[in-house]
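Keep in mind that the numbers below use all heavy atoms, side chains included, and drop hydrogens, waters and symmetry copies. Lettering follows sequence order; numbering is per chain, from 1.
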There are 2 protein chains.
Amino acid sequence: MSIPIPTIKRFPSYLRILNQAKEGGRKYISATSLANELGLNPIQVRKDISSTGIEGKPKIGFDIEELTQYITHVLGWDNTSDALIVGAGNLGSAIARYDGFASYGLKIVAVFDKSAEKIGTTIGSFTVKSMESLNRFINENRISIAVITVPASQAQAVCDLLVKCGIRGIWNFAPKDLKVPESVVVQRTDLATSFAVLSVKLGKKLAESDDLDSDEDMI
Amino acid sequence: MSIPIPTIKRFPSYLRILNQAKEGGRKYISATSLANELGLNPIQVRKDISSTGIEGKPKIGFDIEELTQYITHVLGWDNTSDALIVGAGNLGSAIARYDGFASYGLKIVAVFDKSAEKIGTTIGSFTVKSMESLNRFINENRISIAVITVPASQAQAVCDLLVKCGIRGIWNFAPKDLKVPESVVVQRTDLATSFAVLSVKLGKKLAESDDLDSDEDMI
DNA sequence: GTTTAATCGATAAAATTTTACCCTTTTAGA
DNA sequence: TCTAAAAGGGTAAAATTTTATCGATTAAAC
C-alpha cells in the first residue's frame, strides 16, 4: 500500500518532465516517453505510476494534468510548508537564495545563525535572526520544517533545540547523523554520498578505457 | 565482485565515523559501534566492510587505519582529482567556497560562467573565467571532472561542450537529465529528490500523530 | 587456565525492487 | 470495417539488498 522509497525518489523527476511536456502544449504522455527522457525502464515508470492509482489509456498514455496533481499530492507538495534555515554559512546562504523550492511546496521564511557577526545581515530577502529568537518564531509562525546548515560539530545541539521548539521535520545538510525522538523525521542530504557514486563509476569507466587502450595496442 | 551501490553510498558515512574515532585516539572499531553511530544494522555494516576484503578481529573489531585506507581507496579518494565548476550562481558559488571536498579527493581548481558580468569577479579564491577559455583550461590542466551548476535550460549545452573538451565525469546539480556518450559518467544531485523523501515521511508521521490525537480524544 | 561475552564471518532466508511476459485496449490507417 | 502498432495492466520471475542464524574466534574477567 505504501509507496516504495525508490519510487518516491523518482517522482520529482517525473514532475519535471510532466511540466516540460505541459509547457510544450501536450495533454498526454506515455510511460515510454517519460522513461526515455529520464533514462529509465518504461515498465518501471508504469509501475511507479500505478502506485498512485492513476490509469492511463492504451496507445495514448497518461493525462499529464491528472498525473501531475496526483504525484504532487502524494509528495504533499500541494500544500506549501513554511520552513526555516539554521546556519547562514555558504550552503545556508545558497539555499536561502535558491528560488526553486516553491515548486516543491517549500517556502523558506527565515534564516537563523548564532554568530553575532551574521545576525542582522542580509541574505537574499532575509535578515539573519538570532538563535534566541528561534523558539518564539517557530511557535508564532507554526513552523514544522527546519533546514540545518551548520557545521557538523554543532548540528546535534541545533537539532535538539529545534526539536524542543516543536520542529517535526529536519532536512540536515551537516555531515552528521542526528539522533531525534521517534516523532521527528530527519532526512540527511550529503554531497559526499553523491560524489562517492560518481567517483566509483568514473574510476571503473576510466579503468575500462585503459583496458581498451591496451587492447588496441595489441592489434 | 563489484560493490553494491547502496554500500558505496554508505562508505562516506563510515569514513566520517572512522575519522572521528581516530581523532578520539581509538585504534579499533566494531561494526556494532559503527552501526550505532549511523543508525544502521550491524550485520549490514559487516557485510559492507566485507566487500572491501578487510577482516576484523572478534571481540575487537576492525583496524580503523586499515579500514579507512581501504574505503578511501575503493572510492578512489586517495588520489586527488582536479575539477572545475561551470555556473557561478548561488549554488556554484557555495560549492566553490566549500572547503570540505578535499577530504574526498576532489579539488576545485576553477570556476567558469558565460555571463559577462560574472567573468573576472572573485568567488572565494577563484576568479571566474569565461566559457571561451574552458577548452584550453581543461586540456592544459588535464581536468577530467566537471561540476555543472547552471540553470536546467543550459545544462545540456554545457554538458555537450564539456564532453567535447574531454571531460569524463560530470557532477550535475541542474534539474535535468543529461545525455552523454557511453564513455562519460554523469551523477545528478538533486535537492528535490532528497526533499521528496522527507516530505513523504513527514506527511506520514504527522498523519500518525493526528491519529493518536483522535485516539486520545476517545478515551 | 577456564569461562564469558563480544564480535566476526559465512551461509541462508526474507524483503524489496526491478524486469519480463503476455494479454487487453485503443487509436490510426489501410 | 479490419488490421496493425503502440500503449497500458496484471502477474510472475529475476535480481538486488537487507536481515537472520549459527558456529568460530578472541580478549578480558574470574
Grab the two heavy atoms, one from B/I143 and one from B/A83, that are nearest each other, plus how far apart they are. CG2-CA, 4.0 Å
Quick test of your reading: applying salt bridge (Lys or Arg N to Asp or Glu O under 4.0 Å), list the pairs with at least one residue in [range], sequence neighbours left out, ordered by first then second residue.
range                       : answer
residues 75-99 of chain A   : none
residues 189-205 of chain A : A/R188-A/D190, A/K205-B/E182
residues 55-64 of chain A   : A/K27-A/D63

Mark up nucleotides 17-26 of chain C, 5' to 3', with B wherever a protein heavy atom is under 4.0 angstrom from a base atom, S wherever such an atom reaches only the sugar-phosphate, and - elsewhere. SBBB----BB
Taking [atom1] from [X] and [atom2] from [N], how many angstroms apart are they, rounded to a whole number?
X     : N      : atom1 : atom2 : value
A/D63 : D/dA7  : CG    : P     : 16 Å
B/K9  : D/dT16 : NZ    : P     : 15 Å
B/N36 : C/dT7  : CG    : C1'   : 13 Å
B/I29 : D/dA27 : CD1   : C1'   : 18 Å
B/I49 : D/dT18 : CD1   : P     : 14 Å
A/I54 : D/dG10 : CD1   : P     : 14 Å

Can a side chain N or O of A/S50 be found less than 4.0 Å away from OP1 or OP2 on D/dG9? no
Which atom pairs, donor and acceptor, lie under 3.5 Å between side-chain atoms of residues 144-164 of chain B and protein residues at least two apart or in another chain?
residue	atom	partner	partner atom	Å
B/T149	OG1	B/V86	O	3.1
B/T149	OG1	B/G87	O	2.6
B/Q156	OE1	B/K179	N	3.0
B/Q156	NE2	B/D160	OD1	2.8
B/Q156	NE2	B/K179	O	3.1

Can you name the residues that form a salt bridge (Lys or Arg N to Asp or Glu O under 4.0 Å) with B/R46, not counting sequence neighbours? none
